[in-house]
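All remarks here apply to the structure that follows.
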Amino acid sequence: MTPDELSAAIRACLEAAVAAGDLTVSVPAEIRVERPKQREHGDWATNIALQLAKPAGKPPRAVAELLAARLVELPGIKSVDIAGPGFLNIVLDAASAAELVRTIVEAGPAFGRNQQLAGTTLNLEFVSANPTGPLHIGHTRWAALGDALARVLIASGAQVTREFYVNDAGAQMDRFGGSILARIKGTEIPEGGYHGEYVAELAAKVREQRPDIDDLPLEEAQILARELGYAIQLAENRQTLDDFGVEFDVWFSERTLHESGSVDAAVDRLREQGHVEDRDGAVWLRTTDFGDDKDRVLVKADGEKTYFAADAAYWLSVRDRGFPKKIYMLGADHHGYVQRLKAIVACAGDDPAESVEVLIGQLVSVGGARLSKRAGNIIELKDLVEWLGRDAVRYSLARYPADSPLALDGEVLQKKTNDNPVFYVQYAHARLCSLANQAREHGVERTAFEPALLDHVTENELIAALAQFPAIVAQAAELREPHRVARHLEVVAGAFHKWYDNCRVTPRGEDPVEDLHRTRLWLAEASRLVLANGLELLGVSAPERM
RNA sequence: GCGCUCGUAGCUCAGCGGAUAGAGCAACAGACUUCUAAUCUGUCGGUCGCAGGUUCAAAUCCUGCCGGGCGCACCA
């Protein structure tokens, strides 16, 4: 019996009690079943009686009594205790709990997938680094977390488009071009320009492609430098993300909005919505209508469109492309942008509460890391991966919630011990693979399955951890918190290592192979599957040996 | 000044209103002739920043304060 099935059983008992007139209460939408922290509190516990006490007009323990009497009659349930203020502590028959193992093995890679978000379509934007320089540690956090979130959402039935918005228009790009050209010509880097060593590298590549750039008129040369530099840098960033295992479905260029006239059209469309006004020669969007601190300029007095106008056009594009909802993942340094963003959405006639979610992430620091000289004393994604390995970087960034400020220790991330959780989890997977090989060599096969034999305390714990996996994935998707998957894998790995220490799959020496060993091999395979499926959701490899 | 965000063990951090607040590391003490010791077992360690409020129940929700980070352009 899985937690889900137990939850359904409790519901059925509740409905039966209501039908019999024992209780007068409406059955809640969700009946949560939890694994208690204390072993004495049973295999699973629910606080439903506490929740229903007030609406039912009965003391919590009386409600608990009613439910317990019905529950304990069900097959698979060994005992039901009422504890504390009215918790129901439920113990399952070992056989009933272990039946899950077969379910997992049969589901294989699909175990953990769920329908929590079936029918939802999402546009998930993350990283979206400007193409004016290399990707750094902040982008790395979003790449790891964003991709993991996308995978978790998809596993929960959502239709997800991973999108990267390329800010390739505007003054920033001109400064970028100017900086490259300055490197080529050996002149002063313009004010507000880019100083990192990588600009010199870009300059060298540009010159290699177009040796004639020195002879062009200044303005023409700067445009050429900008365009070639842009192409080179964007390609490099794409490659870096690709090597990191993060692929985007859509690379959306801001320029295309300007070139296609979408920005002009957006201004017109917003004007129709009644939130645009002309003032001081400029065109303004009255974002203060929707809680922004001040109105924002769409078209400057000199006739040029602002980036803000492009953002508005971008939003309309997202809607036009059929996305009812967009999730933005932004660094804490961009949080000032959120109000404006929501105001755009509201001005466009959409409800920000329904169509926009913004996940704000705190910044990351890495102790002991070599700062990148080429990027101007920032830590580059590429260097991090080269230094620590893709799995360690992805895992250690994906195991923390986005809003927790994070200080990673480079020394620790290199260690192959317990304080580096990625190895802890991967080692469990490798150990399981090795165990299965050993078992096969000794003639243990996954033929007989006798769930009642899986009754060791470590087996109870391990099975319970496996049982929670689908709910954890669903919860991670619903809350947009992929780190929950990583944390749970650590629980599973821990439960496995303890089981491994206590229960043998391969008989010792010349001892005969028994159904106990065969059944444990099922449990081993189920554990391996959960670890492999979970690591896949995080974009981390599940090695067969280490 | 206004706004957002964070504050949990010596360190790094978990903890969708529930039972005695957890994990890893660090410190100390143990377990490999037996399926991978990158593991396991035990001990030590707390005013959940502070103060109020909401309730059967608050680290969790609300308010105020203190402290850290970040943001407040006709720049992108």
Side-chain angles (χ1 to χ4, degrees), chain A residues 32 34 36-38 40-41 45 47 50-51 53-54 59-60 83-87 89 130 132 167-175 192 254 279-284 293-294 296-302 304 306-308 310-311 331-339 360-363 367 396 399-401 403-409 412 415-424 426-428 430-439 441-442 444 475-476 478-479 481 483-484 486-487 490-491 493-494 496-498 500-509 511 517 520-521 524 545-546:
Chain A
R32 206 158 4 139
E34 287 182 333
K37 284 175 225 157
Q38 316 281 328
E40 317 85 76
H41 292 159
N47 64 352
L50 288 161
Q51 288 176 0
K54 189 170 279 183
F87 292 103
N89 293 338
N130 288 351
T132 53
N167 283 108
D168 54 3
Q172 223 43 45
M173 288 300 286
D174 293 333
R175 294 200 187 101
E254 180 185 350
R279 198 194 309 155
D280 307 330
V283 181
W284 298 72
D293 316 335
K294 51 172 297 191
R296 308 286 165 174
V297 172
L298 290 167
V299 186
K300 295 193 247 179
D302 63 9
E304 207 178 316
T306 62
Y307 78 94
F308 185 73
D311 284 343
D333 53 340
H334 286 97
H335 75 253
Y337 176 79
V338 176
Q339 270 306 336
I360 294 293
Q362 297 291 310
L363 303 175
S396 52
R399 80 185 282 267
Y400 299 103
D403 56 8
S404 107
L406 194 51
L408 294 180
D409 185 337
V412 168
K415 282 198 214 161
K416 299 182 170 181
T417 58
N418 216 349
D419 50 348
N420 195 357
V422 67
F423 291 124
Y424 186 74
Q426 286 186 318
Y427 179 61
R431 211 177 194 190
L432 275 158
C433 291
S434 169
L435 178 156
N437 289 335
Q438 283 291 328
E441 279 177 28
H442 287 79
V444 181
Q475 188 186 39
E478 202 183 357
L479 300 175
E481 292 183 337
H483 77 277
R484 289 172 186 276
R487 297 291 172 161
E490 291 165 30
V491 171
F496 158 67
H497 286 307
K498 288 175 182 68
Y500 180 92
D501 249 44
N502 285 279
C503 298
R504 292 190 56 86
V505 173
T506 305
R508 291 168 195 271
D511 291 352
H517 304 112
R520 282 179 174 164
L521 188 57
R545 58 173 54 97
M546 290 173 74

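Please read these numbers as outputs of a predicted model, since none were measured by experiment. Side-chain atoms are counted along with the backbone in the values below, which use heavy atoms only and exclude waters and symmetry mates. Below, chains carry the letters A, B, ... as their sequence lines are ordered, and counting in each starts from 1.
One finds no side-chain N or O of A/K300 lying less than 4.0 angstrom from the OP1 or OP2 phosphate oxygen of B/A73. Under 4.0 angstrom from either OP1 or OP2 of B/G22 there lies no side-chain N or O belonging to A/K37. OP1 or OP2 of B/A14 lies within a sub-4.0 Å distance of a side-chain N or O belonging to A/S404. Contact annotation: A/T506 side-chain N/O to B/C35 OP1/OP2 distance is not under 4.0 Å. Between A/Y424 and B/C40 there is a side-chain N or O to OP1 or OP2 distance below 4.0 Å. Between A/H483 and B/G15 there is a side-chain polar atom (N or O) within less than 4.0 angstrom of OP1 or OP2.
As a whole-Å value, the separation of A/Y500 OH from B/U41 C1' is 16 Å. For the pair A/R32 CZ and B/G15 P, the computed distance is 14 Å after rounding to whole Å. Nucleotide B/G1 holds its P atom 17 Å from the CG atom of A/D293, rounded to whole Å. Between the NZ atom of A/K498 and the P atom of B/A38 there is a distance of 16 Å, rounded to whole Å. In this structure, A/D501 atom CG and B/U36 atom P are separated by 13 Å, rounded to whole Å. Regarding A/N420, its CG atom lies at a distance of 11 Å from the C1' atom of B/G24, rounded to whole Å. Rounded to a whole Å, the CD atom of A/Q51 is 9 Å from the C1' atom of B/G18. For the pair A/R487 CZ and B/A14 P, the computed distance is 6 Å after rounding to whole Å.
When the C1' atom is compared between B/A9 and B/G22, the two are found 10 Å apart, to the nearest whole Å. If you take atom P in B/C40 and the same atom in B/G24, they sit 8 Å apart, rounded to whole Å. Taking atom P on both B/A27 and B/G68, the two are 32 Å apart, rounded to the nearest angstrom.
Under 3.5 Å, the side chain of A/Y427 and the base of B/A38 form no donor-acceptor pair of N or O atoms. Judged by distance alone with a 3.5 Å cut-off, no donor-acceptor contact links the side chain of A/D333 to the base of B/G71. Donor-acceptor pairing under 3.5 Å, judged by distance alone, is absent between the side chain of A/D311 and the base of B/A76.
Across every strand in view, B/U47 sits unpaired, with no contact that passes the Watson-Crick or G-U test at under 3.5 angstrom. When Watson-Crick and G-U wobble pairs are counted only if both distances are under 3.5 Å, B/A23 pairs with B/U12. Judged by Watson-Crick or G-U wobble contacts below 3.5 Å, the nucleotide B/G18 has B/C56 as its partner. The base-pairing partner of B/U33, taking Watson-Crick or G-U wobble contacts with both distances under 3.5 Å, does not exist among the strands shown. The base-pairing partner of B/G7, taking Watson-Crick or G-U wobble contacts with both distances under 3.5 Å, is B/C66. Pairing partner, B/G1: B/C72, with both Watson-Crick or wobble hydrogen-bond distances short of 3.5 Å.
With B/U20, B/C35, B/G15 as the choices, the nucleotide that has an atom nearest any side-chain atom of A/Q38 turns out to be B/U20. With B/U12, B/C74, B/A19 as the choices, the nucleotide that has an atom nearest any side-chain atom of A/V297 turns out to be B/C74. With distances taken from any side-chain atom of A/A301 to the nucleotides B/U20, B/C74, B/A19, the minimum falls on B/C74. Between B/A19, B/C16, B/U12, one nucleotide has an atom nearer to the side chain of A/L479 than all others, and that is B/C16. Of all nucleotides listed (B/U5, B/A76, B/G18), B/A76 comes nearest to the side chain of A/Q172.
Remark: side-chain polar atoms of A/R545 are not paired, donor with acceptor, to backbone N or O of A/S434 under 3.5 angstrom. Using a distance-only test at 3.5 Å, with no hydrogens or angles considered, a donor-acceptor pair links the side chain of A/D168 to the main chain of A/E254. Not a single donor-acceptor pair under 3.5 Å links the side chain of A/H497 to the backbone N or O of A/G494. Looking only at distances, a side-chain donor or acceptor of A/T306 sits under 3.5 Å from a matching main-chain atom of A/L298.
Remark: ring of A/F87 stacked against base of B/A19; centroid gap under 5.5 Å, plane tilt under 30°. Stacking of the aromatic ring of A/H335 onto the base of B/G71 is not found under the criterion of centres within 5.5 Å and planes under 30°.
Within 4.0 Å of A/L50, counting heavy atoms only, lies at least one base atom of the nucleic acid. In this structure, A/P60 reaches neither bases nor backbone, as no heavy-atom distance under 4.0 Å exists between it and the strands shown. At the heavy-atom level, A/A83 lies under 4.0 Å from base atoms of the strands shown. Among the heavy atoms of the strands, none lies under 4.0 Å from A/D511. Using a 4.0 Å heavy-atom cutoff across all strands shown, A/H497 reaches sugar-phosphate atoms only and no base atom. Across all strands shown, A/A430 has heavy atoms under 4.0 Å from base atoms, whether or not it also approaches the sugar-phosphate. Using a 4.0 Å heavy-atom criterion, one finds that A/A171 contacts the sugar-phosphate atoms exclusively. At the heavy-atom level, A/A524 lies nowhere under 4.0 Å from the strands shown. Within 4.0 Å (heavy atoms only), A/R484 reaches sugar-phosphate atoms of the nucleic acid but no base atom. Among the heavy atoms of the strands lying under 4.0 Å from A/D280 is at least one base atom, whether or not backbone atoms are also near.
Checking A/P85 against A/K294, the closest nucleotide of RNA chain B that is more toward the 5' end is the one next to A/P85. Looking at which nucleotide of RNA chain B each of A/Q438 and A/N167 is closest to, the 5′-most match is held by A/Q438.
By the 4.5 Å heavy-atom criterion applied to side chains, A/F87 and A/H41 are not counted as neighbours. Inter-residue side-chain proximity for A/V297 and A/F308 is flagged as unmet; no heavy-atom pair is nearer than 4.5 Å.
A/L406 and A/S396 make their closest contact through CD2-O, 4.5 Å (heavy atoms, listed as atom of the first residue, atom of the second, distance).
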